[in-house]
Amino acid sequence: MSSNDIKNTPPQGTKVAVAQKPGDNTSGAAFRLVLLVLMVLQNTATVLVGRYTRASVSKEDSYVVNHLIITCEAVKMLLSCALEYNGTSGQLYKSIKENILDRPLDAIKIIIPSLLYLVQNSLLYVALSNLSAPLFQVTYQAKLLTTAVVSVIMLNRRYSFKQWICLTLLGVGVAIVVLGEKG
């Protein structure tokens, strides 16, 4: 062993990151694809099932929206815990302690966005009760456009030319559906 080999050898017990070749991350790409498909199914099912269950019954027999939102959030919490349990190799309690309990100020910082999310979900079901499913789905996607514009104005965010083209097409699509619904 030369002196260069000794200098370049990490201390014993040190983990060394091995560079991956492009294309080696197939499991990560497959996982992202599965998540994308699940998100599309979840968004589509929310609109279709929500519209059907709100429009097909009388106002007296309709469920309370807040109960549905709490149930959905509880299911998301359980699924998140299952994913975190799997991702931390069974160290769920340790992860909760390190990331939430030991950092209470970080948890407090997300209260305002959480409350806004609650209001958004409540309004989602009000809109779903009063709009057709296609109109609702397209106008619901308009939040991407408004979020992008607000992030540029308030956060000085920069988007690429391709992203602006996509946002413009989204805006045109929303306008076409809204105008088509009125005509």
Side-chain angles (χ1 to χ4, degrees), residues 20 22-55 65-66 68-84 86-87 95 99-100 103-183:
Q20 290 183 330
D24 281 356
N25 197 8
T26 56
S27 65
F31 181 69
R32 286 192 300 268
L33 181 62
V34 167
L35 286 179
L36 176 65
V37 168
L38 288 175
M39 287 173 56
V40 168
L41 290 175
Q42 187 261 337
N43 280 332
T44 304
T46 298
V47 172
L48 295 177
V49 172
R51 173 77 177 152
Y52 176 75
T53 58
R54 300 288 294 169
V65 172
N66 293 337
L68 176 67
I69 292 171
I70 289 172
T71 302
C72 289
E73 294 306 314
V75 170
K76 288 181 191 177
M77 178 74 160
L78 290 173
L79 290 173
S80 297
C81 287
L83 285 172
E84 184 67 13
N86 186 37
S95 177
N99 296 308
I100 299 171
R103 299 180 187 173
L105 290 178
D106 288 346
I108 291 172
K109 288 178 187 176
I110 64 170
I111 288 176
I112 292 174
S114 300
L115 291 174
L116 291 173
Y117 182 72
L118 176 68
V119 170
Q120 175 193 355
N121 274 342
S122 298
L123 292 175
L124 176 136
Y125 285 99
V126 170
L128 202 51
S129 299
N130 297 308
L131 299 173
S132 67
L135 178 62
F136 171 81
Q137 187 65 24
V138 174
T139 53
Y140 185 66
Q141 296 307 316
K143 71 181 178 180
L144 295 173
L145 186 61
T146 56
T147 302
V149 171
V150 168
S151 70
V152 168
I153 294 169
M154 295 180 71
L155 304 175
N156 295 323
R157 171 100 194 251
R158 304 270 184 242
Y159 291 105
S160 70
F161 182 70
K162 186 193 294 186
Q163 289 171 320
W164 279 115
I165 295 291
C166 291
L167 288 169
T168 303
L169 290 174
L170 177 67
V172 169
V174 169
I176 289 171
V177 169
V178 169
L179 293 174
E181 191 78 14
K182 289 181 181 176

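What's counted below: heavy atoms across the whole structure, side chains too, no hydrogens, waters or symmetry copies. Residue indices begin at 1 and follow the sequence shown.
The side chain to side chain contact (heavy atoms under 4.5 Å, CB included) check on Ile165 picks up Phe161, Leu169, with sequence neighbours excluded. Residues meeting the side chain to side chain contact (heavy atoms under 4.5 Å, CB included) test with Thr71, sequence neighbours left out: none. Applying the side-chain hydrogen bond (donor to acceptor under 3.5 Å, both in side chains) test to Ser151 and every residue at least two apart in sequence or in another chain returns Tyr159. For Gln120, the side-chain hydrogen bond (donor to acceptor under 3.5 Å, both in side chains) test picks out no residue, with sequence neighbours left out. Scanning for salt bridge (Lys or Arg N to Asp or Glu O under 4.0 Å) contacts around Glu73 gives Lys76, with sequence neighbours left out. Contacts of Leu167 classified as side chain to side chain contact (heavy atoms under 4.5 Å, CB included), with partners at least two apart in sequence or in another chain: Leu145, Ala148, Trp164. Under the rule for a side-chain hydrogen bond (donor to acceptor under 3.5 Å, both in side chains), Ser80 has no partner lying at least two apart in sequence or in another chain. The side chain to side chain contact (heavy atoms under 4.5 Å, CB included) test applied to Ala82 returns no partner, not counting sequence neighbours.
Residues Leu83 and Leu79 are not in side-chain contact: their nearest non-hydrogen atoms beyond the backbone lie 4.5 Å or more apart.
Here the CG-CD1 distance, from Leu116 to Ile111, works out to 12.0 Å after rounding to the nearest 0.5 Å. Rounding to the nearest 0.5 Å gives a distance of 11.5 Å between CD1 of Ile70 and CG of Asn121. Atom CG in Leu118 sits 9.5 Å away from atom CG in Leu123 (nearest 0.5 Å).
Applying the salt bridge (charged side-chain N to carboxylate O under 4.0 Å, His left out) test to residues at least two apart or on different chains, the pairs with a partner in residues 103-118 are Asp106-Lys109. Within the structure, the salt bridge (charged side-chain N to carboxylate O under 4.0 Å, His left out) test picks out no pair touching residues 158-168 (sequence neighbours left out).
When each of Val40, Val34, Leu41 is paired with Val37, the side chain to side chain contact (heavy atoms under 4.5 Å, CB included) condition holds for Leu41 and for no other.
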